[in-house]
K.L.:
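Structure in structure tokens, see below.
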Amino acid sequence: MPMPWTYRHASKDWQAFLADAKDGLGLESDNMTYTAVQGVLLAFRSRLSPHDVMAFADQLPAVLRALFVAGWDPDTPPLPWAPRATLEDEARTHRPAPHPTPPP
């Protein structure tokens with residue numbers, strides 16, 4: 001079986017995703033974009049059951065999948081869903097320095 005496309009082109013796919021996210025979010029750097037994306041993924045992941053984390057991760061390209069599950073403890077109970085503003089604040093404050101995610 002040949003190597004799957006998602007693994008062979010993981011870096012290329014990641015760079016394309018990062019460029020699109022940076023443009024869409026109006027951010028200045030790849031580092032700021034990475035932090036914003038990571039914050040959103042972690043805020044979302046923290047509210048999913050282990051089954052749902054893995055089901056969602058299976059839909060992501062290789063690098064986003066790795067980012068989504070990195071450091072995950074499946075024994076941690078999911079947080080309750082919160083209003084959008086709370087989720088945005090949580091994502092934004094994930095890593096306030098040195099590459100903060102600005103408010104929308």
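No experiment lies behind these values; they were computed from the predicted model shown. Positions are given from 1, in the same order as the sequence printed here.
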K.L.:
By salt bridge (charged side-chain N to carboxylate O under 4.0 Å, His left out), which residues pair with Asp20, not counting sequence neighbours?
P.N.:
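Asp20 satisfies salt bridge (charged side-chain N to carboxylate O under 4.0 Å, His left out) with no residue once adjacent residues are dropped.
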
K.L.:
If you take all heavy atoms of Val63 and Ala10, which pair is closest and at what distance?
P.N.:
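So the minimum-distance heavy-atom pair works out to CG2-O, 3.8 Å.
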
K.L.:
Heavy atoms only: give me the nearest Ala21-Thr33 pair and the separation to one decimal.
P.N.:
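Between these two residues, the closest heavy atoms are CB-CG2, 3.6 Å.
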
K.L.:
Does a side-chain heavy-atom distance below 4.5 Å link Ser46 with Leu79?
P.N.:
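Yes - at least one pair of side-chain heavy atoms lies under 4.5 Å apart.
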
K.L.:
What is the minimum heavy-atom distance between Asp30 and Gln15, and which atoms define it?
P.N.:
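Scanning both residues completely, I find the closest heavy atoms to be OD2-OE1, 4.3 Å.
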
K.L.:
Just by modelled atom types, is the Asn31 backbone N or O under 3.5 Å from a matching donor or acceptor in the Thr35 side chain?
P.N.:
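Checked: pair present.
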
K.L.:
Of all the heavy-atom pairs spanning Pro74 and Pro50, show the shortest one and how long it is.
P.N.:
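For Pro74 and Pro50, the tightest heavy-atom pair comes out as O-CG, 3.4 Å.
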
K.L.:
Please tell me if the side chains of Tyr34 and Leu67 come closer than 4.5 Å, counting only heavy atoms from C-beta onward.
P.N.:
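A side-chain contact under 4.5 Å exists here.
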
K.L.:
Are Trp72 and Leu42 joined in one hydrophobic group, where the rule is that I, L, V, M, F, W and Y side chains link up if heavy atoms are under 4.5 Å apart?
P.N.:
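Different clusters.
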
K.L.:
State, yes or no, whether a side-chain contact exists between Lys12 and Phe17 at a heavy-atom distance under 4.5 Å.
P.N.:
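Contact flag for Lys12/Phe17 side chains = no.
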
K.L.:
Is Leu60 linked to Val40 within one hydrophobic cluster, defined over Ile, Leu, Val, Met, Phe, Trp and Tyr using a side-chain heavy-atom separation of less than 4.5 Å?
P.N.:
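Per the 4.5 Å side-chain linkage, Leu60 and Val40 are not co-clustered.
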
K.L.:
Is Leu64 linked to Val53 within one hydrophobic cluster, defined over Ile, Leu, Val, Met, Phe, Trp and Tyr using a side-chain heavy-atom separation of less than 4.5 Å?
P.N.:
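Yes: a chain of side-chain contacts under 4.5 Å links Leu64 to Val53.
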
K.L.:
Assess the residue pair Arg47 and Leu87 against the criterion (side-chain contact (heavy atoms from CB on, under 4.5 Å)); give the C-alpha distance rounded to whole Å, side-chain angles, the decisive distance to 0.1 Å, and a yes or no.
P.N.:
CA-CA 10 Å; Arg47 287 163 172 81; Leu87 297 174; 3.2 Å; yes

K.L.:
What orientation do Phe68 and Phe44 show, parallel under 30°, tilted 30 to 60°, or perpendicular over 60°?
P.N.:
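Rings of Phe68 and Phe44: tilted, 30 to 60°.
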
K.L.:
Among the clusters formed by ILVMFWY side chains lying less than 4.5 Å apart, do Leu41 and Trp81 turn up in the same one?
P.N.:
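Yes, Leu41 connects to Trp81 through the hydrophobic network.
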
